[in-house]
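What follows is one structure encoded as structure tokens, with my remarks underneath.
Keep in mind that this is a model prediction, so the values were computed, not measured.
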Amino acid sequence: MIKFFRKIRQKLLSENKFSKYLIYAIGEIILVVIGILIALQINNSNNKRIEKEREFKYLTNIKLDLIKDIESLEYNIDFRQKKSSGIEKLIKQINGQPIKDLNETTYNVINTLNQERFQPSNVTYSDLVSSGNMNLISNDSIKIYLFELSLLYQQNLFNIEHETAEYDENISKSIFRFADVERMKPVFLGKKTIEQVNISEEDFKALFESLEYKNGCVVAKWTSEGMIEMYQNIKIKSMHLIELINSELKK
């Protein structure tokens, strides 16, 4: 093709037909420009297709992360609600309410040692931010939800650190000092009764007189109630974000 155009140019020049040559040259330039524009358009289309595929993959993986998070949140909410209810009963008993079910009290005391932590599966979002690929997400509402969730994840981490410090200082130290965990554990696991391990109310007297343990229980209840509220908020936002992602993936 190049040789063909070159021969035309040479023929026009040799025949001294400059005006025709000029028209031809302009036409050739226009053709070249059109060719470049078409190539750029094809290249841009390919780039947009590749970016759309990458966005689709990111959104799909974020959705999978959120589904895992919702399952974990539901478990943690249920755990903390039950634990908070047990701690509330302990506080009442510490304040003088008679113990009606010593098996339940034993369970609740040991359960104050247990800790559950919500750890978000935000690997995809972290990769999206650290790689500088956030601009691949075209839906601004999705970006806003992701940012809001990241702030809640940071708050969750701070609360966990605070809760752990309170737990170590007031609850675990008091139980290890005033209670026989080895005897109480089979009752907690449901393998034995208080009668089988010879546990009486006297076994809780020193623990319930400990101001550190009482304060630890009060703070643990406050913290759990706050965490439950935050986890419910994270769950709602996660569900809304999944709806947005589903709509985006259908486009």
Side-chain angles (χ1 to χ4, degrees), residues 32-84 114-168 220-251:
V32 171
V33 171
I34 291 173
I36 292 172
L37 291 175
I38 292 173
L40 287 173
Q41 186 176 5
I42 293 172
N43 186 55
N44 288 336
S45 298
N46 287 335
N47 287 338
K48 288 181 179 179
R49 177 181 57 79
I50 292 171
E51 287 183 354
K52 198 65 182 176
E53 289 175 354
R54 294 176 68 192
E55 180 188 18
F56 186 93
K57 184 176 180 180
Y58 270 120
L59 291 177
T60 301
N61 289 337
I62 289 172
K63 177 183 173 181
L64 293 174
D65 289 344
L66 291 171
I67 291 172
K68 292 178 183 177
D69 284 349
I70 290 173
E71 292 177 357
S72 177
L73 286 164
E74 289 175 345
Y75 171 80
N76 275 273
I77 290 170
D78 181 66
F79 172 84
R80 285 185 176 274
Q81 286 175 335
K82 290 177 180 177
K83 184 176 179 179
S84 183
N114 289 333
Q115 299 183 82
E116 285 294 337
R117 303 286 182 257
F118 167 65
Q119 295 180 326
S121 305
N122 59 336
V123 178
T124 306
Y125 174 73
S126 298
D127 175 65
L128 196 61
V129 174
S130 62
S131 62
N133 288 325
M134 183 59 76
N135 62 317
L136 289 174
I137 307 302
S138 56
N139 189 310
D140 289 337
S141 296
I142 291 178
K143 291 181 183 178
I144 292 171
Y145 267 100
L146 287 171
F147 178 70
E148 289 177 349
L149 282 175
S150 71
L151 294 180
L152 287 172
Y153 295 157
Q154 291 176 24
Q155 183 63 45
N156 173 60
L157 182 60
F158 173 80
N159 289 350
I160 286 175
E161 291 173 350
H162 174 74
E163 183 181 43
T164 301
E166 290 289 343
Y167 159 84
D168 290 339
K221 186 173 183 300
W222 290 345
T223 304
S224 270
E225 289 171 349
M227 297 288 266
I228 289 169
E229 183 178 351
M230 183 174 66
Y231 289 169
Q232 289 172 336
N233 188 19
I234 293 175
K235 179 183 174 182
I236 291 170
K237 285 185 178 296
S238 297
M239 293 174 69
H240 286 168
L241 183 51
I242 288 175
E243 291 177 2
L244 286 173
I245 290 175
N246 284 337
S247 297
E248 198 68 22
L249 293 176
K250 291 177 181 178
K251 291 182 180 179

Met134 versus Val129, closest heavy-atom pair with distance:
CE-CG2, 3.9 Å
Rounded to the nearest 0.5 angstrom, the OG-CG distance for Ser121 and Asn61 is 12.0 Å
Before giving the answer on side chain to side chain contact (heavy atoms under 4.5 Å, CB included), spell out for Ser72 and Gln119 the whole-Å C-alpha distance, their side-chain angles and the decisive distance to 0.1 Å.
CA-CA 8 Å; Ser72 177; Gln119 295 180 326; over 6 Å; no
Checking side-chain polar atoms at under 3.5 Å, does Asn114 have a donor or acceptor matched by the opposite partner on Lys83?
no
Could you walk me through whether Thr223 and Met227 satisfy the side chain to side chain contact (heavy atoms under 4.5 Å, CB included) test, starting with their C-alpha distance in whole Å, then the side-chain angles of each, then the deciding distance to 0.1 Å, before giving a yes or no?
CA-CA 6 Å; Thr223 304; Met227 297 288 266; 4.1 Å; yes
Side chain to side chain contact (heavy atoms under 4.5 Å, CB included) between Ile234 and Asp69, intermediate numbers included:
CA-CA 9 Å; Ile234 293 175; Asp69 284 349; 6.0 Å; no
Under the side chain to side chain contact (heavy atoms under 4.5 Å, CB included) rule, what do Thr164 and Asp168 come out as? Steps first, then yes or no, please.
CA-CA 6 Å; Thr164 301; Asp168 290 339; 3.6 Å; yes
Charged N to carboxylate O under 4.0 angstrom, Lys57 versus Glu53?
no
For the pair Asn139 and Glu248, evaluate side-chain hydrogen bond (donor to acceptor under 3.5 Å, both in side chains) and give the outcome as yes or no after the intermediate values.
CA-CA 8 Å; Asn139 189 310; Glu248 198 68 22; 3.1 Å; yes
Matching residue for Asp65 among Asn122, Thr60, Ile70, Thr124 - test: side-chain contact (heavy atoms from CB on, under 4.5 Å)
Thr124
Looking at side-chain heavy atoms only, is the closest gap between Asn156 and Leu152 below 4.5 Å?
no
Surrounding NZ of Lys68 (heavy atoms of other residues, nucleotides or ligands, distance under 6.0 Å), is the total greater than 12?
no
Spacing of CD belonging to Glu71 relative to OH belonging to Tyr75, to within rounding of 0.5 Å:
13.5 Å
pair Glu229-Asn233: side-chain heavy atoms closer than 4.5 Å
no
Pairwise distance CG(Leu59) to CG(Asn246) - rounded to 0.5 angstrom
10.0 Å
On a heavy-atom basis, which atom in Asn135 and which in Lys143 lie closest, and how many Å separate them?
CA-NZ, 4.3 Å
Restricting to pairs with a member in residues 118-153, which pass ring pair (Phe, Tyr, Trp, His ring centres under 6.0 Å), not counting sequence neighbours?
Phe118-Tyr231
Distance from Ile137 atom CD1 to Ile245 atom CD1, nearest 0.5 Å?
8.0 Å
Under the side chain to side chain contact (heavy atoms under 4.5 Å, CB included) rule, collect the residues that match up with Gln155, sequence neighbours excluded.
Phe158, Asn159, Met230
When you check the gap from the basic side-chain N to the acidic O, do Arg80 and Glu116 get nearer than 4.0 Å?
no
NZ-CG distance between Lys235 and Asn76, expressed to the nearest 0.5 angstrom:
12.0 Å
Quick one: CZ on Arg54 to OG on Ser131, what's the gap to the nearest 0.5 Å?
7.0 Å
May I ask you to test the Gln81-Ser224 pair for a side-chain heavy-atom distance under 4.5 Å?
no
